[in-house]
**Student:** 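Here it is, the structure in full.
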Amino acid sequence: MFQTNRTTCALFAGTWVRDDTYPLYQYSNCPVIDAEFNCQMSGRPDSGYLKYRWQPLNCQLPRFDGLVFLSKMRGKTVMFVGDSLGRNQFESLICMILAANPQTQTQMNRAMPLSTFKFLEYGVSISYFRAPFLVDVDVMQGKRIVKLDDIAGNGNAWRMADVLVFNTGHWWGHEGSLRGWDLIQSGGKYYQDMDRLVAMEKGLRTWANWVDSNVDITRTRVFFQSASPDHYNKRVQDALLRPHLGTGPMSLTKSPNEWSAAATATTAKNCYGETEPMKGTTYTSTYADQMGVVNEVIREMHVPTYLMDITMLSELRKDGHPSIYRGDFSPSQRANPQKSADCSHWCLPGLPDTWNELFYTVLFY
């Protein structure tokens, strides 16, 4: 039984334990998994990473039950808003519900920026709205402009949701060809760049003001998911793929004994060849700067916003990324894990299922 007394149950602190009753569904039974997350279909040779359950301190998580989810959410909409990690979680939740009711009538509409999956018999909608910065991004004269003070365009799509799950993080730190803007607009001025932590805080405060001004707390619940960590080697991979955020590091640096032989055989260590979680119950977050901003902004909000603090438990799962086992990778990308390995997203089935087990627990218990 899950203890509802949160003072004795630290949901987001704990350890990963082997459990052969996992995974909660099979990739072959879930048609919504994108090729980039479908590691088993894309030839990942190991399956041990699927056999781990999150064990919080001092309590047991309730087993996810898709039929319970549908009955409790009858007639309602759950919307994930943010970057592709939100899409990871959106697809995971659909798969978890379908596993309990595979014959139920459904309808899927994929579009940009809004995709929606409907469980027609229950009137339940699960949606994903792509907004990697949460705030609006406009295109003017061919240039992408992140508008740190404006969220009305995106926000209009969120108004009618009964449960909102927001995330943002990775895109604030991207550089070069991965950078998501040409200009930043703030306070009526345009900037080619600015301190990323300052930009993120400005954007988050615009988001918080929107939530406080537009969310009816009698009908809508709001969640914010903390940063999903990547597992690139900091010294080498920062130059290739992932930059710094402000002055704080964006990527994990592991000590040599935390990496498998397959990973250390390459000149740049990343998640390639990793097959087991890291041991232990705690891990120092390298996202402390981001989390400090998130905590401060949420603390000052008027609308109750539950922080899903999944960063630490996810940091332990260096084995959970697609690496080279993405369905959209070319043979040359697969042959060069040092440069190509995806150590940012997560395999499905996989870690996002645990995020949804925790989401289910907080939502209903």
**Student:** Take atom CE of Met194 as the centre, draw a 6.0 Å sphere, and report whether it contains more than 12 heavy atoms from other residues, nucleotides or ligands.
**Tutor:**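 Atom CE in Met194 is crowded, with more than 12 foreign heavy atoms closer than 6.0 Å.
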**Student:** Charged N to carboxylate O under 4.0 angstrom, Arg196 versus Asp193?
**Tutor:** yes
**Student:** Taking only residues two or more places apart in sequence or in another chain, which ones pass ring pair (Phe, Tyr, Trp, His ring centres under 6.0 Å) with Tyr360?
**Tutor:** Phe64, Phe364
**Student:** Closer than 4.0 angstrom, basic N to acidic O: yes or no for Lys202 and Asp149?
**Tutor:**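 Salt bridge absent between Lys202 and Asp149.
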**Student:** Side chain of Tyr128, backbone of Gly86: donor and acceptor closer than 3.5 Å?
**Tutor:** no
**Student:** Among Phe223, Phe90, Tyr365, find the residue that satisfies the ring-ring contact (aromatic ring centres under 6.0 Å, His included) test when tested with Phe359.
**Tutor:** Phe223
**Student:** Supply the atom-to-atom distance Phe117 CZ to Glu91 CD, rounded to the nearest 0.5 angstrom.
**Tutor:**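 Answer for the CZ-CD pair, Phe117 versus Glu91, is 11.0 Å.
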**Student:** Roughly how far apart are Gln225 CD and Leu358 CG, rounded to 0.5 Å?
**Tutor:** 8.5 Å
**Student:** Test of understanding: clusters of I, L, V, M, F, W, Y form through side-chain heavy atoms closer than 4.5 Å, transitively. Do Met108 and Met96 belong to the same one?
**Tutor:** yes
**Student:** Does Ile217 have more than 12 heavy atoms from other residues, nucleotides or ligands lying within 6.0 Å of its CD1?
**Tutor:** no
**Student:** Please lay out, stage by stage, how Arg18 and Glu276 fare under the test salt bridge (charged side-chain N to carboxylate O under 4.0 Å, His left out).
**Tutor:** CA-CA 10 Å; Arg18 177 89 183 187; Glu276 294 180 347; over 6 Å; no
**Student:** Got a sec, which pairs hit salt bridge (charged side-chain N to carboxylate O under 4.0 Å, His left out) with one end in residues 51-80, sequence neighbours left out?
**Tutor:** Asp19-Arg53
**Student:** Say whether, by atom type as modelled, one donor and one acceptor occur between the side chain of Asn58 and the main chain of Ala10 under 3.5 angstrom.
**Tutor:**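 Between the backbone of Ala10 and the side chain of Asn58 there is no qualifying donor-acceptor contact (under 3.5 Å).
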**Student:** Do other residues, nucleotides or ligands put more than 12 heavy atoms under 6.0 Å from the CD atom of Gln103?
**Tutor:**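 Open.
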**Student:** For Phe329, which residues count as a ring pair (Phe, Tyr, Trp, His ring centres under 6.0 Å) partner, sequence neighbours excluded?
**Tutor:** none
**Student:** Report yes or no: does Glu36 contribute a side-chain atom to a donor-acceptor pair with the main-chain N or O of Asp328 at less than 3.5 Å?
**Tutor:** no
**Student:** Quick one: ring-ring contact (aromatic ring centres under 6.0 Å, His included) pairs with a partner in residues 24-49, sequence neighbours left out?
**Tutor:**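 Listed once each, the pairs are Phe37-His345.
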**Student:** Pairs of donor and acceptor atoms involving the side chains of residues 153-160, under 3.5 Å and at least two apart or interchain, shall be tabulated with distances.
**Tutor:**
from: Asn154; atom 1: ND2; to: Leu134; atom 2: O; distance (Å): 2.9
from: Asn154; atom 1: ND2; to: Val135; atom 2: O; distance (Å): 3.2
from: Asn154; atom 1: ND2; to: Asp136; atom 2: OD1; distance (Å): 3.4
from: Asn156; atom 1: OD1; to: Arg159; atom 2: NE; distance (Å): 3.3
from: Asn156; atom 1: ND2; to: Ala152; atom 2: O; distance (Å): 3.3
from: Trp158; atom 1: NE1; to: Asn154; atom 2: O; distance (Å): 3.3
from: Arg159; atom 1: NH1; to: Asn214; atom 2: OD1; distance (Å): 2.6
from: Arg159; atom 1: NH2; to: Asn214; atom 2: OD1; distance (Å): 3.3

**Student:** Just by modelled atom types, is the Val163 backbone N or O under 3.5 Å from a matching donor or acceptor in the Thr220 side chain?
**Tutor:** no
**Student:** With sequence neighbours left out, write down each residue that passes side-chain hydrogen bond (donor to acceptor under 3.5 Å, both in side chains) with Asn38, or none if nothing qualifies.
**Tutor:** none
